[in-house]
Amino acid sequence: MEKKMDYANIPREKFEFYRREEEIRDKKLETKPVGYFKDAMMRFCRNKSSVIAACVLLCLILFAIFVPIFCKTAYSENPTDTTYLIYTKLLPKCKLFAWAGWDGCFDETLNEADYLSRRAIGEETGMDPVVKVYREGYEDASSTINTTFYDIRTDSYIKNGMIYLTLTPAEYEAIQDWQDETGIQVIYPAVDTSDFRLEILKNNANIWYQCNQKGAPKLDRDGNFVPLYRTSGNDGEYHSLRIEGDDGSYRYAQATGTSTAISYKVRVFTYTYFQYRFGFEPSFLFGTNSLGHDILTRLAGGARFSLLLALGISLINLLIGAVYGAIEGYYGGVIDLAMERFSDIMSGVPFIVVTSLFQLHLSQKVGVVPALLFAFVSTGWIGMASTTRMQFYRYKNQEYILAARTLGASDARLMFRHIFPNALGTLITSAVLVIPGVIYSESTLTYLGIVNLDSSTMTSIGSMLSAGQSQLTTYPHIILFPALFISLLMISFNLFGNGLRDAFNPSLRGTED
Amino acid sequence: MVKYVLKRIALMFFVFFVILTMCFVLVKLLPQTDPVQFGKDMNLIKMRREALGYNKPILVQYGIFLKRSLLGNDWGISEALYRGQDVWKVFVSKMPATLMVNLYSLIFSVPLGLILGIYSALKKNKWQDYLISTLIMLFISVPSYVYALLVQYLLCFKLKLFPLQMNSGTDYFTWSMFLSVVPAVLSLGFGSIASLARYTRAELSEVLTSDFMLLARTKGLTRAQATVRHALRNSMVPVFPMILGEFIGILSGSLIIEKLFGVPGIGQLYVNSITALDYNFFMLLSAFYTLIGLAAGIVVDISYGFIDPRIRMGER
């Protein structure tokens, strides 16, 4: 095949214009450019466990933000109310999961007298604290008491039954009005206690039946309770709901004091009294603690505080550490040496010593929280500073820095426009990983009682745990939810942080594919 | 090498003195409040303070403090916690409980951590590895007091295997004492098992993929031989200093675990000294913790050079 062309002398007519009628432009890029952060994001999303952890983390943060807002009730608002002491140690109750045992009930074994007194609450109010009887009236040979026993399931919300309250006439009227309005019985008839010799029996509001001097009910022949209601005496013209079986002779209060400063001692049912006071039926998703605080809102409040504190500390550390490390790394030499020695000394002080010194010195003057913040910041920035310093050493002698300097860029511009963005990925990762560390340390310190954040309005997870520890064997729910929350938070934060670290690590780029 | 070690030790003492001075001055600046109580003669307290030198300038007090504490080992007398007792003696008497609990936990956690780490590195990316890695992740993330509470609730209360609190008393080598420290030992051990296993796994799996392992196999070593003789020894270079550091750290004890299980040790003493504002204890224990921390750092750094002669210390 002979096809040799004379390329130097191609005849003119062989040329023709390429697309003469349209302009020729550069083609638009068909793929999108992948920047540093986008690349990190893409690689982060490929790591499944980190993405799941990020979702869980988001849920926990949303929980901490929104629960105090939406689950705010009249109950969680007034934590200094003394009526709280009636509603201590209620068990977690959730209507949706009542079938799974999340129903506010617990199992117990009672002797006959206690069992009957539980039954009596149900008899009088129509709300039986005994939800279920597993085993009825058996005799325990190993027991020294000569009685029969009952294995039952008890509703912790009802079992407290009645209490005696002393009301002013205005309060007394208000309750009666509320009763008329809603048709819910709060005040129950007063009891004739004149036969009781012991003060304990006189003060026990749950006894409305005939009983012996130990409080054990005396039943009639059919096995029913025999009422012991008061039928005489001043009850301040009670005009509201009357219980079933009342022919109008029962008295509903006992007037005390003089005619000018009169007050009424009444028996109120704690369950319906709660409705009257706070406007809803008592039902706590996470139960209440030994002071009657609602664990759900308290936990969310504590978590919100912890997260905010950790975020603040992480940001402050980032700021101080970045500036300090930048100066160290950029100038080097004597400045670096002197500043390194300073941070050496600071890092040698054990954290626990710093915190206790700050607490002893500052908590009186500026408050517990700022003192805690100072303590965290005073040693926390060192890690950030050394990270920044290392990155600065890596980049400060590269050619593009030299070029920028030749063009007349100032030191500050070189440091923060040219070198610092390179260190940003690592710094973000360590700033995120600081957060769980701070939360952990804070909960440890509050758990130990070195830092005391616990008050009626505020708490922290550590104080909740240490308060619940004494009830670990009897009421584990007080500790369960805070412990569960902080464990989940830690796990998801660590997984999220690890994913972030891998995503920002340029040496791992492309290894997963 | 010797020069480097000496330099590091000199630097350590310098840092220690600076921190000690800082602590001393800060503690002395605190108001010495003594609430008026029944049966307390305020004049007597003032006279005692005067005699002990509380009213002298802080620098003079610091001189006296240094002379007494570092040269004479006299750290003063407890003012609130163990009224009238010698601080150093109380401190020494608290030492055995902390040492025992931490030593037991180290004895069972180091081998277990190493074995788990090695096993999961050898089975990398198989289900065994995933299982172990997940467990490691769990135990590293969950705070130690959460699983301490879990141990206390499940093993001590529900199953009644161990007592809820550690026995008091000083007979440390009886069977009942051993049983009573097991929960504390377990709770302390989980965390260190997990961190040790994670570290070992990371190091070993990195060594296993390196080129000299291929060479070892090509020259005729079996997989087991190559792993034990070459990979394991190399991966231990960074792991061993970590174990060494933990051995020094056992002196300081764990504040939380000691409180939870009622271990009458140093951690509890420290927490109590803060709540009772007993400054002499606070000074002694702060100095102790600082020294332990600094010493652990140095030993870890230096041990690298001893374990692996290729690492030259202090050279530029």
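Computed from a prediction, not measured in an experiment: that's the story for all the values here. Worth knowing before you read on, the calculation uses all heavy atoms, side chains too, and leaves out hydrogens, waters and symmetry mates. Every chain is numbered from 1 and lettered A, B, ... according to where its sequence line falls, protein lines coming before strand lines.
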Quick one: pull up [atom1] in [X] and [atom2] in [Y] and give me the separation to the nearest 0.5 Å.
X	Y	atom1	atom2	result
B:S141	A:L489	OG	CG	10.5 Å
A:L465	B:L149	CG	CG	6.5 Å
A:S356	B:Y270	OG	OH	3.0 Å
B:T290	A:I345	OG1	CD1	12.0 Å
A:L360	B:L277	CG	CG	6.0 Å
A:I491	B:M137	CD1	CE	7.5 Å

For chain A, which of [options] has the most heavy-atom pairs under 4.5 Å?
options	result
B:V271, B:L285, B:L260, B:T275	B:L260
B:S286, B:P143, B:G293	B:P143
B:V142, B:L294, B:I256	B:I256
B:L138, B:L26, B:L29	B:L26

Could you look at [X] and say if it's the side chain, the backbone, both or neither that has a heavy atom under 4.5 Å from chain A?
X	value
B:Y147	neither
B:M22	side chain
B:F16	neither

Handout entry: Selection from A:P436, A:P476, A:G449 maximising heavy-atom pairs under 4.5 Å formed with chain B
Key =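 Result: the option with the highest number of such pairs is A:P476.
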
Practice task
Report the option among A:V354, A:V353, A:N452, A:T473 that has the most heavy-atom pairs separated by less than 4.5 Å from atoms of chain B.
Solution key: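 Maximum pair count with chain B is reached by A:T473.
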
Practice task
Answer whether the closest heavy-atom distance between the side chains of B:L11 and A:R341 falls below 4.5 Å.
Solution key: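 Of all side-chain heavy-atom pairs linking A:R341 with B:L11, at least one is under 4.5 Å.
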
Problem - Close side-chain approach of B:F288 and A:P350, heavy atoms under 4.5 Å - result: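 Not in contact.
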
Handout entry: Exam field: side chain B:K259 to backbone A:Y447, donor-acceptor pair closer than 3.5 Å
Key =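 Confirmed, B:K259 side chain pairs with A:Y447 backbone.
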
Handout entry: Candidate pair A:L472 and B:F157, rule side-chain contact (heavy atoms from CB on, under 4.5 Å), full reasoning
Key = CA-CA 9 Å; A:L472 178 68; B:F157 175 64; over 6 Å; no

For the residue pair [X] and [Y], what are the closest heavy atoms and their distance?
X	Y	value
B:V146	A:S487	CG1-OG, 3.4 Å
A:L357	B:C23	CD1-SG, 4.0 Å
A:H361	B:V27	NE2-N, 4.4 Å

Problem - Steps toward side-chain contact (heavy atoms from CB on, under 4.5 Å) verdict (B:L255, A:I352) - result: CA-CA 10 Å; B:L255 303 175; A:I352 188 98; 3.1 Å; yes

Practice task
Go through the atoms of A:L488 and report whether side chain, backbone, both or neither lie under 4.5 Å from a heavy atom of chain B.
Solution key: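 Contact with chain B is absent: no heavy atom of A:L488 under 4.5 Å.
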
Problem - Heavy-atom proximity to chain B below 4.5 Å, by part of A:S492 - result: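 When you check distances to chain B, no heavy atom of A:S492 falls under 4.5 Å.
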
Exercise for the section: Flag yes if more than 12 heavy atoms outside B:Y153 fall under 6.0 Å of its OH atom; otherwise flag no. Expected result: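 More than 12 within 6.0 Å, yes.
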
Practice task
Given side-chain contact (heavy atoms from CB on, under 4.5 Å), test A:S466 with B:Y145 step by step and report yes or no.
Solution key: CA-CA 10 Å; A:S466 91; B:Y145 48 78; over 6 Å; no

